[in-house]
Amino acid sequence: MQNLKIATAQFENRSGDKAYNLSVMDSLAAKAAADGAQVIAFHECSVTGYSFARKLSREELLAQAELIPEGESISQLRQISARHNIVVLAGLFEKDRDDNIYKAYVCVDRNGLIAKFRKLHPFINPHILPGNEYCVFELLGWKCGILICYDNNIIENVRATKLLGADIIFMPHVTMCTPSTRPGAGFVDPALWTNREADPTSLRLEFDGMKGRAWLMKWLPARAYDNAIYAIFSNPIGMDDDQLKNGCSMILDPYGDIIAECRSFEDSYVIATLTPEKLTLAGGHRYLKARRPELYRDLIGKEHQSEQKVVWLEKK
């Protein structure tokens with residue numbers, strides 16, 4: 001494997017406005033490619049917007065969803081990739097030919113679709129079905145995987161993707177700044193976003209505190225460290241429907257260290273160089289080798305009824 005330069009982006013998407021969102025992605029991809037990035041990753045549902053989907057009927061959601069790879073957005077992403085000579089990863093709602101709806105994330109180059117992943121733990125709308133398989137694919141000499149948002153909070157998903165061979169896991173999100181049973185969690189007042197130029201300090205305190213980045217730092221570095229992977233985290237900045245999101249798209253190395261992070265309130269990206277040496281030098285590589293699956297094979301595989309509750313979506 002050769003060194004690989006990856007960009008992770010953040011931007012303020014518009015709900016249901018694919019043309020606008022794709023235009024921003026085009027602009028960011030152009031700039032990142034000019035800065036030497038070979039790959040750029042955008043957030044969950046970056047093509048369509050995300051939080052507005054909780055209000056959509058099945059018919060309205062189908063109108064937003066597209067066939068993959070035949071859909072127009074995949075064609076547009078392919079054109080962005082070809083125009084700027086950069087691999088693009090982005091998210092959207094998918095429908096199949098039977099009108100089943102999924103939350104999808106794709107990897108596209110100038111030649112077309114490289115990989116597609118369906119979110120394993122969707123929740124934003126009851127009409128979205130869960131995916132049922134992991135995704136590992138080859139990208140510029142590296143083995144990569146994809147897990148979308150909540151998927152990464154179930155630690156078995158990250159370990160399984162690593163055991164399937166992934167050394168890079170793309171982790172697109174729309175997260176943070178929502179209520180939870182966790183102390184300190186909650187929405188961030190949109191008025192702070194409106195007033196960000198006059199009072200950036202108050203907004204930054206909310207974004208970096210327990211509502212946002214401080215929570216992320218409780219678990220995201222551990223996913224990279226424990227599994228000796230590069231984690232490519234992407235997240236929107238600004239308003240996503242009526243919810244304010246805090247960005248901080250970042251890249252973590254197999255030591256669990258942040259090697260690049262978006263720290264502005266702007267539509268932006270950061271680039272990091274991934275080096276293969278870290279994959280085997282990091283402690284997680286040794287811990288993976290030291291596993292004793294005979295001790296827990298039957299325990300992990302026991303029958304279990306999956307239950308998923310999202311506090312901020314519960315009806316009052």
Side-chain angles (χ1 to χ4, degrees), residues 2-50 66 68-69 71-94 104-117 135 137-142 144-146 148 168-174 230-238 240 245 247-251 259-274:
Q2 302 296 315
N3 290 355
L4 181 63
K5 296 189 75 170
I6 293 183
T8 184
Q10 63 180 33
F11 72 95
E12 187 176 24
N13 56 233
R14 294 181 183 173
S15 299
D17 192 341
K18 296 179 185 178
Y20 172 79
N21 296 333
L22 285 162
S23 73
V24 176
M25 295 160 73
D26 187 17
S27 175
L28 291 173
K31 294 174 182 175
D35 284 343
Q38 298 162 273
V39 181
I40 187 167
F42 295 97
H43 59 267
E44 176 184 17
C45 284
S46 46
V47 172
T48 53
Y50 176 67
E66 300 184 30
I68 297 176
E72 177 60 25
S73 293
I74 302 302
S75 175
Q76 292 291 322
L77 291 170
R78 180 180 176 182
Q79 291 175 44
I80 291 170
S81 175
R83 192 155 47 242
H84 309 303
N85 192 30
I86 189 170
V87 176
V88 179
L89 292 100
L92 69 163
F93 296 108
E94 177 194 8
Y105 195 73
V106 297
C107 178
V108 173
D109 70 4
R110 64 172 59 246
N111 298 312
L113 185 70
I114 296 174
K116 179 188 75 175
F117 173 76
C135 171
F137 58 99
E138 189 90 12
L139 181 62
L140 300 175
W142 291 69
C144 301
I146 299 167
I148 301 174
I168 301 169
I169 301 183
F170 292 94
M171 299 180 176
H173 280 66
V174 178
Y230 285 95
I232 316 299
F233 171 85
S234 49
N235 193 50
I237 188 78
D240 180 55
K245 295 301 170 188
C248 70
S249 293
M250 63 178 69
I251 297 175
I259 54 176
E261 179 180 1
C262 294
R263 293 296 292 163
S264 77
F265 299 142
E266 306 298 324
D267 295 350
S268 60
Y269 60 87
V270 289
I271 300 174
T273 299
L274 282 55

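Note: hydrogens, waters and symmetry copies are ignored here, and every other heavy atom, side chains too, is used.
Residues Ser234 and Pro172 approach most closely at OG-CA, 3.4 Å, considering heavy atoms. Here the shortest heavy-atom pairing between His43 and Ser46 reads O-OG, 2.9 Å. Between Ile271 and Ala32 the shortest heavy-atom distance is CD1-O, 3.8 Å. Of all heavy-atom pairs spanning Gly112 and Arg78, the tightest one is N-NE, 3.7 Å. Residue Val106 comes nearest to Leu77 through the heavy atom pair CG2-CD1, 4.0 Å, listed as atom of the first residue, atom of the second, then distance.
You'll find the side chain of Gln38 stays beyond 4.5 Å of the side chain of Val87, heavy atoms only. His84 is listed as a side-chain neighbour of Asp26, based on a closest heavy-atom distance under 4.5 Å. No side-chain heavy atom of Arg263 sits under 4.5 Å from any side-chain heavy atom of Ser268. Contact check for Phe42 versus Val88: side-chain heavy atoms found under the 4.5 Å cut-off. Side-chain contact check for Tyr230 versus Leu4: every heavy-atom pair is 4.5 Å or farther apart. Proximity of Ile232 to Leu89: side-chain heavy atoms (C-beta onward) are nowhere separated by under 4.5 Å. Contact check for Lys116 versus Glu94: side-chain heavy atoms found under the 4.5 Å cut-off. Inter-residue side-chain proximity for Phe233 and Thr8 is flagged as unmet; no heavy-atom pair is nearer than 4.5 Å.
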For this session: Kindly indicate, with the supporting measurements, whether the criterion side chain to side chain contact (heavy atoms under 4.5 Å, CB included) is fulfilled by Tyr269 and Ser249.
Result: CA-CA 8 Å; Tyr269 60 87; Ser249 293; over 6 Å; no
Exercise. Could you go step by step and tell me if Asn21 and Phe11 meet the side chain to side chain contact (heavy atoms under 4.5 Å, CB included) rule?
Worked result: CA-CA 9 Å; Asn21 296 333; Phe11 72 95; 3.9 Å; yes
For this session: Using the side chain to side chain contact (heavy atoms under 4.5 Å, CB included) rule, take Asn13 and Val174 through it: C-alpha gap first, then chi angles, then the decisive distance, then the call.
Result: CA-CA 11 Å; Asn13 56 233; Val174 178; 5.6 Å; no
For this session: Kindly determine whether Cys262 and Ile237 satisfy side chain to side chain contact (heavy atoms under 4.5 Å, CB included), including the steps that lead there.
Result: CA-CA 10 Å; Cys262 294; Ile237 188 78; over 6 Å; no
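Using modelled atom types, one side-chain atom of Asp267 and one backbone atom of Glu12 make a donor-acceptor pair closer than 3.5 Å. Under the 3.5 Å distance criterion, the side-chain polar atoms of Gln2 are left unmatched by any main-chain donor or acceptor of Leu140. With Ser81 contributing its side chain and Ile86 its backbone, the two residues share a donor-acceptor pair below 3.5 Å. No side-chain donor-acceptor contact under 3.5 Å links Gln76 to the backbone of Leu22. Under a 3.5 Å cut-off, the side chain of Glu44 and the backbone N or O of Gly91 do not form any donor-acceptor pair.
Annotation: the span from Leu92 atom CG to Ile74 atom CD1 amounts to 5.0 Å, rounded to 0.5 Å. To the nearest 0.5 Å, atoms SG (Cys45) and OH (Tyr105) are separated by 11.0 Å. The CE atom of Met171 lies 12.5 Å from the CD1 atom of Ile148; values are rounded to the nearest 0.5 Å. Atom-to-atom distance recorded for Leu274:CG and Ile6:CD1 is 4.5 Å, nearest 0.5 angstrom. Atoms CZ and CZ, on Phe137 and Phe170 in that order, are 5.5 Å from each other to the nearest 0.5 Å. The structure places CD of Gln10 at 13.5 Å from NZ of Lys245, a figure rounded to the nearest 0.5 Å.
By the 4.0 Å N-to-carboxylate-O rule, Glu72 lies too far from Lys18 to be salt-bridged with it.
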